[in-house]
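Heavy atoms only: backbone and side chains are in, while hydrogens, waters and symmetry mates are out. Residue numbering restarts at 1 for every chain, and letters A, B, ... go by the order of the sequence lines. Fair warning: this is a prediction, and the values are worked out from it, not measured in the lab.
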Amino acid sequence: MKYDLQPTLPAPSNTIGVVAWMRKHLFNGPISSVATIVLGYFLISWLIPIIQWTILDADLFGESRDACTSGGACWVFINVRLNQFLYGFYPAEEYWRLNLAFVLLIGSIIWLVLPRTPFKGWMALFLLVVFPVIAYFLLYGNSFGLMQVETHLWGGLSLTLVLAVVGIVASLPLGILLALGRQSEMPIVRSVCIIFIEIWRGVPLITVLFMASVMLPLFFPEDMSFDKLLRALIGITLFQSAYMAEVIRGGLQAIPKGQYEAADALGLGYWQKMILIIMPQALKLMIPGIVNTFIALFKDTSLVLIIGLFDLLAIGQAANQDPKWIGYSTESYIFVALMFWVFCFSMSRYSMHLEHKLHTGHSNRA
Amino acid sequence: MSNPQAVTDHLMVELRDVNKWYGEFHVLKNINLQVKQGEKIVICGPSGSGKSTMIRCINRLEEHQKGDIIVNDVPLTEDLKNIELVRKDVGMVFQHFNLFPHLTVLENCVLAPIWVKKLPRKEAEKQAMELLERVKIPDQALKYPGQLSGGQQQRVAIARSLCMNPDVMLFDEPTSALDPEMIKEVLDVMVELAHEGMTMLCVTHEMGFAKTVADRVIFMDGGQIVEENEPHEFFENPQHERTQLFLSQILQH
Ligand SMILES: Nc1ncnc2c1ncn2[C@@H]1O[C@H](COP(=O)(O)OP(=O)(O)OP(=O)(O)O)[C@@H](O)[C@H]1O
Ligand SMILES: [Mg+2]
């Protein structure tokens with residue numbers, strides 16, 4: 001018996017194209033059609049006024065509230081105070097220092113994120129070790145001929161970024177150490193790590209910040225005054241490292257026992273085994289979880305307003321108090337929310353992208 | 001050593017009254033075994049008889065609780081220094097290869113020489129390429145383990161161990177996770193290694209391999225060594241009824 005070769009045919013025309021897609025996904029039977037029409041009606045009737053208010057009827061340019069005549073959003077308010085939203089009370093002639101630090105930060109992140117850029121390892125090292133040092137001298141000054149800028153002048157988006165970046169950069173290694181400690185065979189190390197993690201995970205961040213700002217000074221001699229920002233940073237870092245540790249522990253547990261045994265059998269020491277074999281594999285698995293923690297951390301930084309630091313949200317609230325601009329707090333809250341959203345959404349998209357990439361790339365790498 | 005195949009009198013591995021427990025469960029019972037330099041030992045026995053546990057004690061992947069294990073004159077104790085020394089001398093090949101999936105074949109091979117032996121990278125790579133040639137896969141050096149067949153992965157694993165220039169090689173069922181057509185390519189490499197004079201302890205049920213290279217075959221059951229003989233005698237004239245039963249079972253197919 002012999003069969004003829006079958007020809008390759010194009011897909012039937014009623015299964016491809018826009019109309020076919022709409023028929024399949026939007027108007028697939030009476031219930032689906034009604035749902036589509038009703039939801040579509042609500043969506044549109046809700047969107048039109050929003051677009052009208054935020055864009056069509058909005059005013060962007062001007063000097064004072066007198067410029068807001070169109071009846072929509074008064075972005076003039078944000079525009080006039082934009083520098084404060086971005087730089088807080090940082091002296092205007094020193095803005096370039098913040099800008100430079102920001103460009104360095106974003107530049108090296110983009111370098112790392114783009115596929116196929118060379119020297120990724122060195123770049124990561126730069127971002128995690130060298131950049132924080134450069135950023136410190138840039139922002140704080142008081143050396144290399146740079147004017148000192150006290151931390152109580154820091155504020156706005158730049159302060160939010162400082163809190164987030166320091167929190168992220170410091171809590172990751174600390175979290176790794178805690179996770180390793182929690183798995184350790186030495187009972188003392190293990191208990192210390194477990195106690196540390198469980199204490200920090202059981203306390204709300206607000207409490208931590210209050211303790212850092214109010215209680216911590218009580219434990220130190222009076223003449224030793226800790227910078228308020230520094231205290232908040234320590235609080236946030238310790239708090240987040242506990243969460244990070246749990247994410248990392250999950251990743252470590254996903255690595256097969258055979259990997260540890262092969263490393264042991266080759267004679268690698270504990271740290272060599274962890275750094276060269278286990279962590280690189282575990283970190284890949286943990287990226288989505290780590291980025292989630294980063295996003296939570298980023299949003300949590302806004303809590304520092306309760307201890308009197310002027311992060312982005314606090315600057316927005318302060319602006320609302322300005323008698324010249326009473327009544328425009330909606331605009332400032334929307335702007336602040338939008339800024340947070342842009343950063344968090346980018347992180348989330350990147351993590352989804354990575355997840356997808358790791359998922360498909362796994363079969364020929366694992 | 002003029003003839004590398006010769007067995008010398010130097011004791012490479014010695015187990016004296018070794019006992020091990022997993023909690024309450026007595027896995028190894030009074031194991032006594034002496035392996036001279038250049039000797040090839042094949043270990044067989046039913047599942048759960050303690051074969052893996054025994055050879056994993058030799059490089060301290062498992063800890064024994066009683067008795068002495070001495071490898072190349074170094075006694076295995078709590079002392080981390082000794083464990084380090086022993087692991088440098090002992091290579092191990094696992095049933096599931098356990099290659100490092102995030103590293104290329106070449107990186108898998110040079111990792112330990114560079115970090116444990118502190119060999120310069122150039123030298124380590126040169127040696128790794130020679131060994132990959134010996135296991136007949138130099139052309140795969142830049143691929144990742146996941147891109148290789150099981151047989152190729154196992155040969156990489158052998159090369160990776162050999163890169164540390166071990167004095168003893170332990171094999172724990174190196175071919176039992178492989179498809180039949182790949183078993184031969186791995187066994188060929190192992191036979192060649194045996195002919196070059198390597199001291200080998202090999203857990204396997206490949207009786208053909210045992211007949212070709214083994215100096216002694218050891219049969220384990222219930223956590224102890226039940227019978228030990230040179231291969232011809234072992235297969236033709238098994239003494240213990242449990243050995244007879246086991247052989248009849250595995251030789252059926
Ligand atoms: N980590 C462990 N904890 C508790 N019991 C274990 C552990 N590892 C192995 N055992 C038990 O010890 C016994 C011996 O195990 P071992 O792996 O040495 O057997 P084996 O002879 O290699 O068997 P197989 O042919 O299936 O590989 C088995 O009964 C097993 O269930
Ligand atoms: Mg076994």
## Note on the structure
If you tally heavy-atom pairs under 4.5 Å between each of B/Glu84, B/Lys88, B/Arg160, B/Met164 and chain A, the highest tally belongs to B/Arg160
### Query
Between B/Phe100 and A/Leu266, does a side chain to side chain contact (heavy atoms under 4.5 Å, CB included) hold up when you go through it step by step?
CA-CA 12 Å; B/Phe100 305 130; A/Leu266 284 169; 3.9 Å; yes
### Task
Say whether, by atom type as modelled, one donor and one acceptor occur between the side chain of A/Gln259 and the main chain of B/Leu99 under 3.5 angstrom.
yes
Can you tell me if [atom1] on [X] sees more than 12 non-hydrogen neighbours from other groups inside 6.0 Å?
X	atom1	answer
A/Lys120	NZ	yes
B/Lys81	NZ	no
A/Trp122	CH2	no
B/Lys136	NZ	yes
B/Tyr22	OH	yes
A/Leu114	CG	yes
A/Arg190	CZ	yes

Gap separating the [atom1] atom of [X] from the [atom2] atom of [Y], nearest 0.5 angstrom:
X	Y	atom1	atom2	result
B/Ile83	A/Asp264	CD1	CG	9.5 Å
B/Leu103	A/Leu276	CG	CG	8.0 Å
B/Trp115	A/Ile277	CH2	CD1	10.5 Å

#### Entry: Region of B/Phe94 in contact with chain A, defined by heavy-atom distances below 4.5 Å
side chain
### Query
By number, which residues in residues 42-79 of chain B have some heavy atom less than 4.5 Å away from chain A?
B/Arg56, B/Asn59, B/Leu61
### Query
Listed by chain and number, what are the ring pair (Phe, Tyr, Trp, His ring centres under 6.0 Å) partners of A/Phe126, not counting sequence neighbours?
none
### Message
Given heavy-atom pairs under 4.5 angstrom as the criterion, report whether the side chain, backbone, both or neither of A/Glu261 touches chain B.
### Response
both
### Task
Over all heavy atoms of both residues, which pair between A/Leu268 and B/Ala112 is shortest? Give the atoms and the distance, please.
CD2-CA, 4.4 Å
#### Entry: Closest approach of B/Arg87 to A/Gly267 (non-hydrogen atoms, all atoms of both residues)
CB-CA, 4.0 Å
### Task
May I have the step-by-step check of side chain to side chain contact (heavy atoms under 4.5 Å, CB included) for A/Gln272 and B/Val116, ending in yes or no?
CA-CA 9 Å; A/Gln272 291 174 333; B/Val116 180; 4.2 Å; yes
